[in-house]
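The structure appears right after this line, and notes come after that.
This is a predicted model, so every value here is computed, not measured. Along the sequence shown, residues are numbered consecutively beginning with 1.
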Amino acid sequence: MERIVLKLGMFETLMVAVLAIYVGEFLRNKIPVLKKYCLPGAVVGGTLFALLSLLLYSLNIFELNFDYKTVNQLFYCLFFAASGAAASLALLKKGGKLIIIFTVLAALLAALQNAAAISVGNLFNISPLISMMTGSIPMTGGHGNAASFAPIAVEAGATAAMEVAIAAATFGLISGCILGGPFGNFMVKRFHLEDPNLDGKMEAAELKAEGSGGTAGVLVDKHNVLQAVFLLCIACGVGQVLFLSLKAVKINFPIHVCCMFGGIATRLILDLTSKQNPAKHEVLYEAIDIVGEFSLALFVSMSIVSMKLWQLAGLGFALVVLLLVQLVLIIVFCYFLTFNLLGRNYDAAVMAVGHVGFGLGAVPVSMTTMQTVCRKYRYSKLAFFVVPVIGGFISNITNAIIITKFLDLAKHMLGL
């Protein structure tokens, strides 16, 4: 009997994503261990819905098919525009050195991911073209790179490359969601980076607003929320113009990165108009942050609820070992290198969490796990500026170069 495909439209998908967030936050409030280890509500709820989808598929009831890509790109770009708008001139100057260091670290991790994949694959007599599909292609690159580079391996004779790459990218996405928060919690505790005067203020403010009707921190009003949405739409429009202009001269920049530049430009203009009164736009910046958080939550939730977990079912023992090696590699790398070289402080710990996220497949995973760690402890403006620049843009370039070199090596090993 042929399995029925149940197609959920854009708005139905949006509804499921929001319900997943509600369920995730409910479980976080009821199960203390989820909060303790900084597991995001969107990840908890989204994973449960993905498991339900897997159950329906396994029982041959029906396969859920989500129409999410268009609306998801909108929220992704809005979030990146909001991240850019959080970057003041002082933050841009402070983050410059760290961006250079992080660029080298991201490239080094990508190279090590491919080296580990080929080396461990050799032990199991797996074609290097297949084992490469568990390296930086799906890990640092995510589903996008998996879909882009796997056909090259298929053309070279590795017929199962696409299936392995997509399954590995799905594994990486799930792993990043689950490991990022607990890793950040461990780093803060391990290196005594707590600050009793600041830690927990974000969650305390949320609980106060929800429970007693009181407010804490900056009080955001309707006018500023509207202005935040309008400005982020303008920033995305500027990003689209930049994207098309660069494309016209044969320069390929990801659209979300262009939107981030639109957000940076917006912030610089706002800062110039408030030189005499630095606190003038404080409420507006808070509103922009809220819109960004809203967009990120929906993007992550939709990305997870739409995952096809049954793609992991076909992974053999050798490929499972290859993927577990990648998990060990990134945790060790971020613990010993990323954290230490980025400053060995609280900002460095949050950036290390971000590296775990995009090193296992997706910048939104970085941002949502960083956000959850910051809700428990305190906000890191530096991390929320540096990580999207590296994970969303620079590492895409360095990783593509590294992947190309390693694919050439893999072909050479096969005598192609």
Side-chain angles (χ1 to χ4, degrees), residues 38 76-77 79-110 140-142 176 180-181 183-184 187-188 191 193 235 239 253-254 256-268 271 285 288-289 292-293 295-296 300 330 333-375 377-399:
C38 304
Y76 196 30
C77 290
F79 166 70
F80 266 86
S83 296
S88 63
L89 188 59
L91 192 62
L92 290 172
K93 291 177 180 177
K94 189 177 179 182
K97 180 183 176 183
L98 290 176
I99 286 174
I100 295 171
I101 297 171
F102 211 162
T103 296
V104 175
L105 287 170
L108 178 59
L109 175 63
T140 293
F183 175 75
M187 295 296 282
V188 173
F191 294 100
L193 302 172
F253 260 42
H256 59 273
V257 176
C258 293
C259 292
M260 186 177 186
F261 286 141
I264 292 173
T266 302
R267 175 58 184 260
L268 293 177
D271 284 350
Y285 295 151
I288 288 173
D289 183 58
E293 187 173 334
S295 302
L296 176 64
V300 171
I330 194 165
F333 188 96
C334 292
Y335 180 88
F336 287 104
L337 291 179
T338 305
F339 174 68
N340 285 293
L341 293 178
L342 291 179
R344 202 179 170 83
N345 52 26
Y346 179 74
D347 288 326
V350 179
M351 284 186 275
V353 173
H355 202 183
V356 169
F358 76 76
L360 287 174
V363 177
V365 172
S366 299
M367 305 309 281
T368 198
T369 49
M370 285 163 54
Q371 195 175 74
T372 308
V373 171
C374 290
R375 281 175 67 187
Y377 297 102
R378 57 195 183 276
Y379 191 66
S380 169
K381 283 187 177 181
L382 197 58
F384 275 83
F385 168 63
V386 172
V387 170
V389 171
I390 301 299
F393 169 47
I394 296 176
S395 74
N396 288 337
I397 299 171
T398 56
N399 190 35

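- Side-chain contact, Ser380 with Asp347: a donor N or O sits under 3.5 Å from an acceptor N or O.
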>> Show, in sequence, the C-alpha distance, side-chain angles and deciding distance for Phe384 and Tyr379, and conclude whether the ring pair (Phe, Tyr, Trp, His ring centres under 6.0 Å) test is met.
In response: CA-CA 9 Å; Phe384 275 83; Tyr379 191 66; 4.9 Å; yes
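- In plain terms, the two heavy atoms of Asn399 and Ala110 that are nearest each other are OD1-CB, 3.5 Å.
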Please list, one pair per line, the donor and acceptor atoms closer than 3.5 Å that link side chains of residues 350-366 to other protein atoms, with sequence neighbours excluded.
residue: His355; atom: ND1; partner: Thr338; partner atom: OG1; Å: 2.8
residue: Ser366; atom: OG; partner: Gly354; partner atom: O; Å: 2.6
residue: Ser366; atom: OG; partner: Phe358; partner atom: N; Å: 2.7

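- Rounding to the nearest 0.5 angstrom, the gap separating the OG atom in Ser83 from the CZ atom in Arg267 is 12.5 Å.
- Residues Met187 and Phe183 have side chains in contact (heavy-atom distance under 4.5 Å, counting atoms from C-beta outward).
- At least one donor-acceptor pair closer than 3.5 Å links the side chain of Ser395 to the backbone N or O of Ile390.
- One distance of note links OG1 of Thr140 with CG of Leu109; it measures 5.0 Å at 0.5 Å rounding.
- Screening Val389, Leu98, Ile394 against Thr103 for a side-chain contact (heavy atoms from CB on, under 4.5 Å) leaves a single residue, Ile394.
- Between Leu105 and Phe333, the shortest heavy-atom contact is O-CZ, 3.4 Å.
- Tyr346 places a side-chain N or O within donor-acceptor distance of the main-chain N or O of Arg378, the cut-off being under 3.5 Å.
- Closest of all the heavy-atom pairs between Val373 and Gly184 is CG2-CA, 4.2 Å.
- Nearest heavy atom pair, residue Thr266 against residue Ala235, reads OG1-CB, 3.8 Å.
- With values rounded to the nearest 0.5 angstrom, Phe80 atom CZ is found 6.5 Å from Met260 atom CE.
- Phe339 has its ring centre no less than 6.0 Å from the ring centre of Tyr335.
- In this structure, Leu337 and Leu342 have side chains that are not in contact, with every pair of non-hydrogen atoms separated by 4.5 Å or more.
- Nearest heavy atom pair, residue Ala383 against residue Pro388, reads O-CD, 3.9 Å.
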